[in-house]
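Single-structure report; data block below.
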Amino acid sequence: MAAACSRALCKVGGRVLESAAARGSGSVSSWRPYGTGAFRSKLLSSARAGAAGGGCRVLGCAALLGGGLGLYHTVRFRLQQHLAEEETKVSGVGGGPALTLYQYKTCPFCSKVRAFLDYHGLPYEIVEVNPVMRKEIKWSVYRKVPILMVDGDVQLNDSSVIISSLKTYLISKNKSMSEILRCYPEMKSVNDRGKEVTEYSNKYWVMLDETEAATFYPEKGAQKEEMKWRQWADDWLVHLISPNVYRTSGEALASFDYIVREGKFGTYEGFFAKYVGATAMFLIAKRLKSRHNLQDDVRQDLYKAVNDWVAAIGKKKKFMGGDRPNLADLAVFGVLRVMEGLEAFDDMMANTKVKLWYRRMERASLNHEGRE
């Protein structure tokens, strides 16, 4: 519409200028010196015609200028629109799937998934779930987070299944997400506390054929090493987080202040969560310490775990994956990242050898270094 108006202004301007030129030339050619009275009359007539012609020229120039500016802004808008559309196409992974992550921001398992998505530059939307009512996932039979919806119809549950499935999808372009998901069958069982739990077979496997596996895991035993440390992150490292961030009543309160600030809480829920939740988690942390046979000073278990991880990477490699992070790097980084801003995180950075590796991972994630 703007372009049409601009073209119309240009046409009007052109016609006005042509009309002005015609009037101007007619006035000059028709003026001839007669007697004194005739001369004065013709002079006034010519002056009026000249003034009218000059006014028309000004009006015509204004119309042309307005039309030109309109066209310029229209072209610029269309160009910006085109560039924005192209950028949107490029930001996806080869026209990849639409991803929606249902999460608690401070959950280490959700943080693992975000670390993977950010590192690989996969665009995704976040739905922050209210941890009390969980109404955002009331449509789901699976009542935990993270949940990742793919193209609005394929549901991925469990952080490790989500990561393995997406990695398989990125490498094996000929497989659909539904086909890949069948490689991770759901299993129901009862744990040692008599509670029914859902587990998934093969969840640490990236499903590749021999050629793909040789390309992405060129070193012998690299894939099994990656799987071992991914499982270690889930079975051990993640259980050190709560006892450390809720170690004292002051740390518990600071942790819940962060949780309430970052999470999806109403005013009253936030107040309840901060004070009642901090008290409850302080007591639960004591039980977790006993259940997982942690030392009285739980910091020592955290320090040892982190130093074990750094030692496994070795001094010759930047990451467990070598020059680039692998899935174990992303899992450990995602788990540790949830402590940022808390006393436990600062103590860990000051008293272990993890800092250099952690900062490398931070840069790799922020810069989407796994995008290609």
Side-chain angles (χ1 to χ4, degrees), residues 97-117 124-166 177-178 180-204 230-231 233-239 241-243 245-246 255-256 258-266 268-270 272-274 276-281 283-285 287-288 291-292 331 334-335 337-338:
L99 305 175
T100 303
L101 177 64
Y102 293 81
Q103 68 156 21
Y104 307 145
K105 185 172 182 180
T106 55
C107 165
F109 297 106
C110 298
S111 182
K112 279 171 50 186
V113 175
R114 290 199 311 275
F116 176 88
L117 295 172
Y124 62 100
E125 293 183 10
I126 287 178
V127 176
E128 192 67 25
V129 176
N130 183 298
V132 179
M133 303 303 294
R134 293 186 291 179
K135 61 183 179 180
E136 293 81 6
I137 56 171
K138 65 181 180 181
W139 48 267
S140 173
V141 175
Y142 183 81
R143 300 294 291 165
K144 297 179 182 180
V145 292
I147 294 172
L148 188 75
M149 292 302 297
V150 181
D151 290 331
D153 58 0
V154 179
Q155 180 177 341
L156 304 181
N157 306 324
D158 187 277
S159 61
S160 293
V161 172
I162 292 170
I163 290 168
S164 295
S165 299
L166 286 176
M177 190 58 74
S178 297
I180 293 168
L181 192 56
R182 288 198 287 270
C183 298
Y184 306 98
E186 192 177 288
M187 300 184 303
K188 302 284 187 181
S189 62
V190 177
N191 63 17
D192 55 0
R193 287 168 286 157
K195 183 180 179 182
E196 185 179 83
V197 293
T198 302
E199 266 299 339
Y200 297 86
S201 295
N202 311 318
K203 67 180 182 178
Y204 299 110
R230 288 180 67 192
Q231 186 168 358
D234 285 354
D235 292 348
W236 178 242
L237 184 63
V238 76
H239 296 303
I241 304 300
S242 291
V245 299
Y246 305 120
S255 297
F256 262 87
Y258 170 70
I259 288 170
V260 169
R261 188 170 64 250
E262 297 293 335
K264 188 173 183 179
F265 290 90
Y268 297 109
E269 285 178 344
F272 179 86
K274 182 175 178 179
V276 179
T279 303
M281 286 308 299
L283 298 174
I284 290 171
R287 289 171 51 196
L288 291 173
R291 180 186 301 167
H292 298 293
V335 170
R337 185 172 59 173
V338 297

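Computed over heavy atoms, backbone and side chain alike; hydrogens, waters and symmetry mates excluded.
You'll find the side chain of Val129 stays beyond 4.5 Å of the side chain of Lys135, heavy atoms only. In this structure the side chain of Met281 reaches within 4.5 angstrom of the side chain of Phe256, judged on heavy atoms. A 4.5 Å side-chain heavy-atom check between Leu156 and Val154 finds at least one atom pair inside the cut-off. Contact annotation: the side chain of Leu101 never approaches that of Val127 to less than 4.5 Å [non-hydrogen atoms, C-beta and beyond]. Side-chain contact between Asn130 and Glu136 is present, with heavy atoms from C-beta onward closer than 4.5 Å.
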Distance-only criterion, 3.5 Å: show the donor-acceptor pairs between side-chain atoms of residues 143-152 and protein atoms not counting sequence neighbours.
{"unit_1": "Arg143", "atom_1": "NH1", "unit_2": "Ile137", "atom_2": "O", "d": "2.5"}
{"unit_1": "Asp151", "atom_1": "OD1", "unit_2": "Ala98", "atom_2": "N", "d": "2.8"}

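Residues passing the ring pair (Phe, Tyr, Trp, His ring centres under 6.0 Å) test with Tyr102, sequence neighbours excluded: Trp139. Residues passing the side chain to side chain contact (heavy atoms under 4.5 Å, CB included) test with Ala285, sequence neighbours excluded: Tyr246. Residues that satisfy the side-chain hydrogen bond (donor to acceptor under 3.5 Å, both in side chains) test with Ser159, not counting sequence neighbours, are Lys112. Scored by the side-chain hydrogen bond (donor to acceptor under 3.5 Å, both in side chains) test, Thr198 finds Lys188 as partners (sequence neighbours excluded). In this structure Val197 satisfies the side chain to side chain contact (heavy atoms under 4.5 Å, CB included) test together with Ser189, Asn191, sequence neighbours excluded. Ile126 pairs by the side chain to side chain contact (heavy atoms under 4.5 Å, CB included) definition with Gln103, Arg114, Tyr124, Glu128, not counting sequence neighbours. Remark: Ser178 engages no residue in a side-chain hydrogen bond (donor to acceptor under 3.5 Å, both in side chains) (not counting sequence neighbours). With sequence neighbours left out, the side-chain hydrogen bond (donor to acceptor under 3.5 Å, both in side chains) criterion links Tyr204 to Asp234.
With rounding to the nearest 0.5 Å, the separation of CD1 in Ile241 from CG in Leu288 is 12.0 Å. Here Asn202 contributes atom CG and Ser164 contributes atom OG; the two are 9.0 Å apart, rounded to the nearest 0.5 Å. Rounding to the nearest 0.5 angstrom, the gap separating the CG atom in Asn157 from the OH atom in Tyr184 is 14.0 Å. Atom NZ of residue Lys105 and atom SG of residue Cys110 lie 12.0 Å apart, to the nearest 0.5 angstrom. A distance of 10.5 Å separates OH in Tyr200 from OG in Ser165, rounded to the nearest 0.5 Å.
Across all non-hydrogen atoms, the minimal contact from Leu166 to Phe116 is CB-CE2, 3.5 Å. Contact record, Ala115 with Gly334: CB-CA, 4.2 Å, taken as the closest heavy-atom pair.
Residue pairs meeting the salt bridge (Lys or Arg N to Asp or Glu O under 4.0 Å) criterion with at least one partner in residues 154-163, sequence neighbours excluded, are Asp158-Lys203.
In this structure, Arg230 contributes its side chain and Ser160 its backbone to a donor-acceptor pair below 3.5 Å. No donor-acceptor pair under 3.5 Å is formed between the side chain of Thr106 and the backbone N or O of Ile259.
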